[in-house]
S.K.: 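Have a look at this one.
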Number of protein chains: 2
Amino acid sequence: MFDGLSAFPLTPLNGEDVDLKAVAGLVSRAALAGVDSLGVLGSTGNYAYLSREERRAVLEAAIDAAGDVPVLAGVGAVRTRDVLTLAGDAQSAGATALLLAPVSYQRLTDDEVFGLYERVAAETDLPVVVYDNPGTTGFTFSDDLHARIARIPGIASIKIPPPTADVSARIGTLRSRLPQGTSLGISGDWVAAEALAAGCNVWYSVIGGVLPIQAKTIVDHVRAGRTGEALEESARLEPLWTLFRAYGSLRVVSGLAEELGLIPASALPLPLHGLDSEGREKLARAVRELGLEA
Amino acid sequence: MFDGLSAFPLTPLNGEDVDLKAVAGLVSRAALAGVDSLGVLGSTGNYAYLSREERRAVLEAAIDAAGDVPVLAGVGAVRTRDVLTLAGDAQSAGATALLLAPVSYQRLTDDEVFGLYERVAAETDLPVVVYDNPGTTGFTFSDDLHARIARIPGIASIKIPPPTADVSARIGTLRSRLPQGTSLGISGDWVAAEALAAGCNVWYSVIGGVLPIQAKTIVDHVRAGRTGEALEESARLEPLWTLFRAYGSLRVVSGLAEELGLIPASALPLPLHGLDSEGREKLARAVRELGLEA
């Protein structure tokens, strides 16, 4: 399950309401494309903006639409009490694993973050994915802390942000610190092909939620040892990666899903806006150049 | 109301429950000391960790205990919908003004933050304090954005973080960009005396929630033109400021209130921990040196 392609679908809104039909559509589309797992209520799934009830409804709709594909459920919240409640909800709904980021208001210490994972792992039967996303949480993991947390029973995988420098060296260094059997996962779609080729087990993929076939092509190439082809396919998608880096992947992938008719317009929760008009134009051009369609 | 000393009380927990009795105790203590206003459910009041129901209960208890002292209510949340709900609750409970930080998960653009303030100011009758706290929100205001937001009808005051360099120059520059009549407030207790002397209207004060008499002494000196005495009194409290800068003001002031017997032990919401043992020892020493008591 912590292997191959894990697609992270959007949770589009329709006005102020979660659009459960659109969620189910995105999930079944990815499942049909053959993704290995689904990361529902990840950052791309807007978990941080949704109420407990909304999160439960999204998860149930997604699990229903996913068929046999395992669903990883985002359960992050600033307070441990709420994380535990959400973990219980995810387990009841039938999730296969939990995604947990150290969502912060007050900046957290290493001991506080360690304590969070220790507590959650102890109180759930589901395996936990450590969601390392400093851009949204404000918390930066050291390799020491990753190594400490990975030794907690129940911690199954680590989702790391895109390395800023030598991807292969970064993967090697972190891998050498982790216990055997901990799955290492990459996010930051533009480095995924390179990171998988360097030994990452899984790609926690934003684009996989909207363009699952293209993402699967990259993963299939790597699995078959065709590294060159994987890197080539990723390079072909560079017009999208450029926009990801400039505007943030959520705004771009939301605009892309809208452009392809998969979700309603203005699907992000306020105060978030979609792409500005310049971004929309660039995105429309990329869609044409890449010949994308739903 | 946006003038003088605004004391920010803690919201201590007792186990997982909000300790409303302790909240009322801290609030009435500050009110009796003669603070000009109270900032309830600020960062020091743990607003980001509390449910809607908890926030309403804290606010009601605080307003009840505050007597005639105006209460500013923190209404920050990552989603605009929730901010509006909390603003309605605060108004019903009898708050006098709203404190609003651009709490973020996805990093916000300037236009998104402007849109948030515009919407909230339009939908409430209460004046709004812009709560600029990049350490907790991850969002950095430019002076341009402050100036744009301050021109929205209903925006009454701006609470800025402690300037890192020349305090007086920073206050002067920002002041020159703001409309006449916008109250400028300082946070970062260790620079408050200097910032008030440089023309800030109000001190949004963490220490004012636990040591209101000492904080009021500083404000009274500045009001009477005794800048030297104000700076001296602030310098006397340097053992506390040193700890604030090292451990974060919330952890220190929570330990201090515990040390003085004002709140129960372990009053912070998990995953937050209190001070580590080294911090506790340093705090106990500071309390002795300064001769503090409840």
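Sequence lines set the chain letters: A, B, ... in the order given, protein chains first and strands last, and positions in each chain run from 1. The figures that follow rest on heavy atoms only: side chains count, while hydrogens, waters and symmetry mates do not. In this text the structure is predicted, and so the values were computed from the model without any measurement.
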S.K.: Select one option (side chain, backbone, both, neither) describing which atoms of B:Val103 are under 4.5 Å from chain A's heavy atoms.
M.R.: side chain
S.K.: Passes side chain to side chain donor-acceptor pair (under 3.5 Å), B:His146 versus B:Asp132? Steps please.
M.R.: CA-CA 9 Å; B:His146 270 314; B:Asp132 174 359; 2.8 Å; yes
S.K.: Out of B:Thr137, B:Leu270, B:Thr136, return the one with the most heavy atom pairs under 4.5 angstrom to chain A.
M.R.: B:Thr136
S.K.: Please look at A:Tyr47 and chain B and tell me whether the side chain, the backbone, both or neither of the residue comes under 4.5 angstrom of a heavy atom of that chain.
M.R.: side chain
S.K.: Nearest 0.5 Å please: distance from the CZ atom of A:Arg280 over to the CD atom of A:Glu259.
M.R.: 5.5 Å
S.K.: With a 4.5 angstrom heavy-atom cut-off, is it the side chain or the backbone of B:Tyr117 that approaches chain A, or both, or neither?
M.R.: neither
S.K.: Contact part of B:Asn133 toward chain A, heavy-atom cut-off under 4.5 Å: side chain, backbone, both or neither?
M.R.: side chain
S.K.: Shorter than 4.5 Å, heavy atoms on both sides: which option in A:Ser43, A:Gly115, A:Ser51, A:Pro269 has the most such pairs with chain B?
M.R.: A:Ser43
S.K.: So, applying side-chain contact (heavy atoms from CB on, under 4.5 Å) with A:Val206, which one of A:Leu10, A:Val252, A:Leu240, A:Thr44 is it?
M.R.: A:Thr44
S.K.: For B:Pro163 and B:Ile186, work out which heavy atoms get closest and say how close.
M.R.: CD-CD1, 3.9 Å
S.K.: Which of these passes side-chain contact (heavy atoms from CB on, under 4.5 Å) with A:Leu272: B:Thr80, B:Leu108, B:Thr109?
M.R.: B:Leu108
S.K.: Test the B:Lys159-B:Phe8 pair against the cation-pi criterion, namely NZ or CZ under 6.0 angstrom from the six-membered ring centroid and within 45° of the ring axis.
M.R.: yes
S.K.: Tell me, out of B:Ala77, B:Gly76, B:Gly248, B:Gly135, who's got the most heavy-atom pairs with chain A below 4.5 Å.
M.R.: B:Gly135
S.K.: May I ask you to name which of B:Asp276, B:Asp111, B:Val83 has the most heavy-atom pairs under 4.5 Å with chain A?
M.R.: B:Asp111
S.K.: Does any backbone or side-chain atom of A:Leu250 lie under 4.5 Å from a heavy atom of chain B? Answer side chain, backbone, both or neither.
M.R.: side chain
S.K.: Find the distance between OH (A:Tyr49) and OG1 (A:Thr11) and round it off to the nearest 0.5 Å.
M.R.: 12.5 Å
S.K.: With rounding to the nearest 0.5 angstrom, report the CG to CG distance, B:Leu59 to B:Leu20.
M.R.: 11.0 Å
S.K.: Select, from B:Ala48, B:Gly138, B:Ala101, the one with the greatest count of heavy-atom pairs under 4.5 Å involving chain A.
M.R.: B:Ala48
S.K.: Please look at A:Leu268 and chain B and tell me whether the side chain, the backbone, both or neither of the residue comes under 4.5 angstrom of a heavy atom of that chain.
M.R.: neither
